[in-house]
Each structure stands twice: as C-alpha cells, then as structure tokens.
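Accompanying notes for the structure given below.
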Amino acid sequence: MSRTPRSAVLSVLALAAALAVPTAGPPAPARAAVHHTGDEAAVLGEDHARAHARLRRAAQGTQRYPQARRTASLASLEESQRRTNARFDAARFGRFTQFFPSPDFGVHVALLPTGKVLLFSFERVEADPTKETGPTNTVGRANAGRAWLWDPAEGTGARAFRNVPPPVVLMPDGTYSPRPAPFFCAGHSYLPNGMVGVFGGNVGGKGGSGAKLSFVFDPWTEKWFRNRDMAVGRWYPSVVTGADGRQIIMSGQSERGTGTPTPVVERFPALGHRVPWRPYDIPAGVPAERLRSQAPFRNDYPHLFSLRDGMVYGLGRDADQQWIFDPAKDVRAELPRRPADFRGYGSAVPLPAGFRGPDSVLVLGGDPRDPHTYRLSGGRWTTEEPRAFGRTQDGTLILPDGTLLTVNGALDTRDYGHGPFNPTADLKYRQIEVRDARGRWKLGPAQRLPRGYHSNALVLPDGRMMVTGDELQQIANDPDIDDGMDGSIELYEPAYLHRGARPALDRVPAGDLRHDSGFEVTSSTAKDVKRAVLLAPTTVTHSVNTSQRHLDLRLTGVQGDRIGLRTPPGAADAPPGYYMLFLLDAKGVPSTAKWIKLGAR
C-alpha cells in the first residue's frame with residue numbers, strides 16, 4: 001500500500017478529531033451536519049466524504065482489534081513454529097528461514113524473468129480481521145487495486161519493494177470515480193515475451209461482479225498496459241497459455257454478479273494480431289476474441305492445463321465438469337467424471353514426465369474431509385496416495401528436483417478450524433507436506449502464519465520457496481497495522497539446500513532457443529552435474545496455477561566446463577516463453593537457476 005503524504009494524514013486526523021470530539025457547548029450546526037455522510041458530501045464532495053468514511057471504518061477496525069492483540073498473536077505463532085520445527089531435520093524436511101513485512105497482501109503473485117516478483121491485490125476497506133477486508137461489495141473509488149514488485153536481490157526491507165500501480169480507470173458502476181484498476185480476483189498467465197496477461201476483476205457490488213478489464217504487465221519496463229476490454233465481464237476467471245503462445249480465458253462470474261458464471265471462452269491476442277514475442281512487443285489496445293466453443297463451468301476458477309497433446313484440459317470444481325478443449329479446432333469434448341465430489345479451492349499440478357511435456361494432472365485439496373489425490377492420465381482417473389489430511393486453499397509446487405510440495409491450507413474459506421473469520425488456526429494447516437519420487441507424502445515443518453484463502457507460493461530462481469497471501473491472517477498478525485506494510489512474506493529452504501555444496505551454472509545462451517535443438521551451458525562443476533531441468537515460473541491465485549511445468553533436458557555430453565543439452569521436442573511439450581534452467585548433482589541439489597528463452601519464430 002502506498003503511503004499517504006504526512007500533510008494529508010494530519011489534515012484528515014484533524015477533521016476526524018473535529019468529527020469525533022464533543023465540544024464544551026452546543027455543537028455548531030455545520031459541525032453537526034458533517035456527522036452524516038450525505039451532509040459531509042455536500043461540504044467536502046462525494047470523493048472526500050467516502051475517503052473520510054473509509055478512514056473512520058479503519059479506525060474502528062483498529063479499535064475493535066487492537067494492536068496489542070495482533071502483536072501477541074504473532075509472537076505466539078512464532079513460538080509455536082519454533083517448538084514444532086525443532087524436531088524436523090533440515091536435510092530431510094527443509095526449514096523456514098525469514099519472515100518479513102510486505103506492502104501487499106499477495107492475492108496474486110507472478111515470478112518475472114527479471115527475477116523480481118509481482119504482487120497485486122486491493123486496498124483494504126477494513127482493518128478488523130473478523131470482517132471482510134476487501135472491497136468485494138464496495139462500489140466506487142474505494143474498489144481499487146494495487147500492485148508492487150519485490151526484488152529478492154535487494155533483500156527483505158521496505159526498499160526491496162517498488163510500487164507499480166495499475167492504470168487509473170473508470171468502471172461501469174455509475175459513480176464516475178477514477179481509481180487504480182480493481183483487477184483483483186482476475187486470472188493470469190504468461191506471454192512468450194515474459195509479460196503477464198491479466199484478465200477480469202471486480203466492478204463492485206452484487207457479491208462481486210465481473211469486469212471486462214484486460215492488461216499486461218511488462219517486466220522489462222515495469223509498467224502496465226491496457227488492452228481492449230473483453231467481450232464479457234469476469235470475476236474469478238482462469239487463464240492458460242497454449243502451445244502457440246496465445247492465452248485462453250475461461251469462466252468467471254459475469255458483470256451481473258456472483259451466481260452468474262459466464263460460459264464464454266476468449267483468446268488473447270485475437271487471431272490476426274501477432275503473439276508478443278520480443279521484449280519490445282508490447283500489446284496495448286489489442287483485442288481478445290470470442291471462440292465458438294463454450295466452457296459452462298458452474299463454479300469459477302477451474303484448473304486449466306495445456307498438456308503435451310496440445311489440448312487444454314479444463315478441470316472444474318464439480319466432479320461432472322471435466323472437459324478437453326482443442327484451441328485450433330475450437331471444439332470441446334467430455335472427460336470422465338472425477339472420482340471425488342465437489343471440491344472447493346484446492347491445488348492441481350501437471351506431473352513431471354521426463355524429457356516430454358506433462359501428459360497427466362494430479363488434483364489435490366479442496367475438500368477438508370478427503371485427503372486423497374486424483375490423477376488424470378490417458379483419459380482415465382485413478383486415486384493416488386493420500387496426504388496426511390484434507391485441506392482447502394492449499395498450494396502445491398513442483399520443485400527443481402521433481403518432488404511436489406504442498407504449503408498453506410485451511411478447513412474452508414476464511415475458516416482455519418474454529419469457525420468463519422476466526423484467525424485461530426489448527427497447527428496442521430501450517431505444516432508443509434512433501435511428495436517424493438515414489439508418490440508418497442510426508443508432513444514437514446510449520447510456516448509462521450496460517451494462510452488459507454488468497455494464499456500463494458512460488459519457487460524462486462535460487463531454489464527457495466516464497467509464501468505469502470491471506471489478508472485475514474496478515475492483518476490479524478500485523479506487527480504494525482498503521483505502517484503501510486500490511487502484508488507479509490515467508491521464505492522456505494527445501495531439504496536439497498541443506499545437503500552440501502551446490503552445482504554451479506555459470507553461463508547460458510542469451511538468444512531464443514528453438515525446440516528440439518542442441519545448446520551448451522558452462523559450469524565450473526560440470527563433472528558433478530547429473531541432471532538438467534527446466535522449471536516454468538509460477539503465476540498463481542486462489543490455488544489456481546496454470547503455468548508451472550517441469551521438464552528434464554537431455555545431456556548430450558560434457559567437455560571441460562561445457563555441458564551439451566537438448567531442448568524439449570516441441571511447443572506442446574513446453575509452450576514458448578521463459579524458463580528457469582537448473583543443474584542438479586547426484587544428490588538432487590540444484591544450482592541457482594538462470595533464465596532461458598524457449599521457442600523461436
């Protein structure tokens with residue numbers, strides 16, 4: 001959250017004091033009048049009146065949920081984490097290391113090919129974690145988005161963050177109030193040039209109503225660019241990048257409000273417009289196009305995956321809504337019903353498949369009563385090894401060594417085991433869980449904060465995991481609710497970072513690499529390298545991560561400090577774009593990654 005200028009804060013505080021403190025004698029009529037929002041608007045104007053009303057609500061939130069309570073809660077969580085994690089050997093289970101404030105809630109995150117992390121969400125309208133924090137039902141200027149960049153190379157202090165606000169827009173809500181675009185609860189994926197396409201958002205009111213907004217974030221200039229509005233509004237849509245580099249957009253509640261999911265499928269950029277390929281190919285004012293086929297998901301944020309057959313798999317939260325889409329032919333076909341019943345927000349992962357792209361998906365989480373995992377492969381569902389317990393709102397990541405790691409989770413949306421909007425959480429939801437090469441799960445150490453709804457995680461180029469999100473828990477455990485840093489980030493070091501020295505990756509090619517072609521990298525520890533892998537970066541929200549992907553690369557020879565490698569066979573195996581390249585030794589210890597650009601025109 002950007003900081004308000006000190007002069008503005010003082011003037012608002014002075015007004016608040018005038019509104020709140022009774023005078024010795026009878027109040028003057030004008031002062032009495034501005035106690036009422038309508039009269040306050042007449043004196044100050046609508047926008048200033050709404051701003052002051054928000055400040056009063058925020059002040060009430062800090063009074064109802066005082067700082068001392070937040071501070072004590074955070075200290076208690078730190079102590080329970082210390083006690084719990086003392087029994088876990090870092091070489092087997094990894095360890096959580098740093099915990100630090102962030103200026104954003106991290107409802108949406110994306111790792112950029114610059115190594116920086118984009119975080120975006122909304123300006124809070126409530127500081128009491130037992131109430132709704134975001135402006136879902138807010139109409140007007142307070143229904144606004146925000147965005148920040150975190151540069152891990154700059155450390156963990158406030159200077160490591162940079163504000164990158166979204167464009168100012170007018171929303172079709174009847175208020176004519178310009179504000180930073182309310183693009184929270186949108187969908188997103190990467191374009192081949194490393195930009196992040198973001199689609200949808202919240203018009204406000206009606207339990208959340210879909211916006212037609214379409215943006216890209218350019219990691220090279222660190223700016224947002226607006227494109228032509230979509231055909232329909234979308235609140236909670238999903239987006240996936242196909243083998244051709246174009247983005248497929250599905251689902252989301254329409255502009256009519258919650259309970260009106262749209263079946264319309266769109267593609268960005270529309271055919272006839274070039275796919276952004278180079279860093280200076282910035283789409284601005286570019287349209288999406290409506291496809292003939294439809295995706296009538298009854299519930300939003302379906303999992304979408306582009307697998308190695310070139311098809312897009314749409315896995316709905318309802319067991320009977322599992323579909324396969326052919327983006328080239330623009331047709332949809334049925335997939336078998338998933339074994340489990342309805343699942344809320346939970347993770348799904350395209351499973352690593354060696355030198356080829358993924359051809360199967362593992363569905364996890366979303367049902368607190370069901371610990372099982374379910375695999376879709378070859379058009380068939382099978383029930384796989386269960387996790388220790390069921391959880392919703394979880395995130396599952398593919399690590400460089402091919403293992404899976406689950407982090408975050410809750411009993412239900414904003415329910416951590418003790419009722420809705422109660423920050424008290426069962427310890428188990430704070431523990432990570434790791435799936436080994438044999439498909440078996442084991443519980444590991446606990447993170448500092450419980451993180452459920454709106455929680456996220458991603459793998460950084462240095463092999464660590466970043467964990468963030470869940471505004472309820474972040475404000476309930478904020479060490480200073482008034483300092484403008486109302487989010488938090490925690491870092492986790494997987495077990496492979498505690499197994500000795502790491503391989504070195506010194507140099508990679510700078511240009512585009514064609515599919516199914518050889519290339520060389522250099523390493524001062526070339527003789528120790530046993531494996532090379534590509535890991536696609538993560539952009540994720542609401543447990544929906546359509547971008548992650550893990551592929552092994554063929555080692556074609558080692559000569560001195562040079563290692564010969566071969567890229568994946570085709571774009572369906574690995575859609576064009578930026579990937580992290582890791583070298584691993586015999587113990588599965590990865591190097592720090594370097595970025596390569598896969599695919600060429």
Side-chain angles (χ1 to χ4, degrees), residues 50 54 57 104-108 120-126 128-147 166 169-175 177 179-188 198-215 229-239 249-264 266 295-302 316-318 342 344-346 366 392-393 410 412-415 420-421 452-456 469-472 475 540-544:
R50 281 194 292 267
R54 287 201 310 275
R57 288 197 301 271
D104 192 73
F105 292 131
V107 174
H108 305 260
F120 61 99
S121 61
F122 47 76
E123 295 289 1
R124 76 175 192 232
V125 296
E126 176 60 66
D128 182 348
T130 66
K131 300 181 181 299
E132 178 60 52
T133 310
T136 297
N137 280 311
T138 301
V139 176
R141 188 182 295 274
N143 176 34
R146 67 183 186 185
V169 298
L170 284 172
M171 300 301 294
D173 59 8
T175 67
S177 303
R179 86 294 298 263
F183 56 5
F184 51 92
C185 298
H188 32 90
V198 177
F199 304 91
N202 182 32
V203 174
K206 306 174 186 177
S209 49
K212 299 180 179 181
L213 298 169
S214 172
F215 298 101
D229 283 354
M230 295 181 291
V232 295
R234 298 180 189 270
W235 165 247
Y236 287 53
S238 296
V239 185
I249 310 159
M250 295 186 192
S251 191
Q253 306 296 326
S254 79
E255 51 267 61
R256 290 179 293 142
T258 292
T260 64
T262 178
V264 174
E266 295 184 74
F297 291 105
R298 289 189 293 273
N299 284 281
D300 44 37
Y301 274 137
R317 294 197 277 151
D318 294 276
F342 174 81
Y345 297 123
T392 72
Q393 328 297 327
D412 204 343
T413 300
R414 305 199 194 286
D415 187 340
F421 287 92
Y453 189 56
H454 289 167
S455 64
N456 291 304
D470 190 331
E471 65 276 8
L472 184 155
I475 65 172
V540 60
T541 186
H542 293 77
S543 301
V544 175

Q.
Test: salt bridge (charged side-chain N to carboxylate O under 4.0 Å, His left out). Region: residues 200-212. Which pairs qualify, not counting sequence neighbours?
A. Lys212-Glu255
Q.
Looking at every heavy atom in both Arg298 and Pro261, which two are closest together, and how far apart are they?
A. O-CG, 3.7 Å
Q. How far apart are the closest heavy atoms of Ser177 and Gly140, and which atoms are they?
A. CB-C, 4.4 Å
Q. Between the side chain of Asp470 and the main-chain N/O of Gly452, is any donor-acceptor distance below 3.5 Å?
A. yes
Q. Does the side chain of Leu213 come within less than 4.5 Å of Pro182's, by heavy atoms?
A. yes
**Q.** For Glu471, the option from Lys131, Arg146, Arg414 that meets salt bridge (charged side-chain N to carboxylate O under 4.0 Å, His left out)
**A.** Arg414
Q | Residues Phe105, His454; criterion ring-ring contact (aromatic ring centres under 6.0 Å, His included); working and verdict | A | CA-CA 8 Å; Phe105 292 131; His454 289 167; 9.0 Å; no
Q) What pair of heavy atoms forms the shortest contact from Ala144 to Pro135, and how long is it? A) N-CG, 4.4 Å
Q. Run the side-chain hydrogen bond (donor to acceptor under 3.5 Å, both in side chains) check on Asp300 and Tyr345 step by step: do they pass?
A. CA-CA 10 Å; Asp300 44 37; Tyr345 297 123; 3.1 Å; yes
(Q) Among Asp415, Leu472, Thr133, exactly one meets side chain to side chain contact (heavy atoms under 4.5 Å, CB included) together with Phe421. Which residue is that? (A) Leu472
**Q.** Option from Phe120, Phe183, Phe215 for which ring-ring contact (aromatic ring centres under 6.0 Å, His included) with His188 holds
**A.** Phe120
Q | Donor-acceptor contact below 3.5 Å, side chain Ser238 vs main chain Met250 | A | no
Q. Side-chain contact, heavy-atom cut-off 4.5 Å: Asn202 with Ser209?
A. yes
Q | For Thr136, side-chain hydrogen bond (donor to acceptor under 3.5 Å, both in side chains) partners two or more places apart | A | none
Q.
Testing the basics here: between Ser214 and Phe199, what is the closest heavy-atom pair and its distance to 0.1 Å?
A. OG-CE2, 3.4 Å
Q: Could you pull out the closest heavy-atom pair between Tyr301 and Pro237, with the gap in Å?
A: CE2-O, 2.7 Å
**Q.** Gap separating the OG atom of Ser455 from the NE2 atom of His542, nearest 0.5 angstrom
**A.** 10.0 Å
(Q) Tell me if a side-chain donor or acceptor on Ser121 pairs with a main-chain N or O of Asp104 at a distance below 3.5 Å. (A) no
Q.
What I'd like to find out is whether the side chain of Cys185 reaches to under 4.5 Å of the side chain of Phe122, using heavy atoms alone.
A. no
Q: Measure from the side-chain N and O atoms of Asn143 to the backbone N and O of Asn137, and report whether any donor-acceptor pair falls under 3.5 Å.
A: no
Q. Can you tell me if Thr262 uses its side chain to pair, donor with acceptor, with the backbone of Arg234 under 3.5 Å?
A. no
(Q) For a quick test of reading the model, state the closest non-hydrogen atom pair linking Pro166 to Pro180 and the distance between them. (A) CG-CB, 3.9 Å
Q) Between Glu123 and Arg179, is there a salt bridge with N-O shorter than 4.0 Å? A) no
Q) Is the closest side-chain heavy-atom distance between Val232 and Ser254 below 4.5 Å? A) no
Q: Report yes if the side chains of Thr392 and Thr413 come closer than 4.5 Å at any heavy-atom pair, otherwise no.
A: no
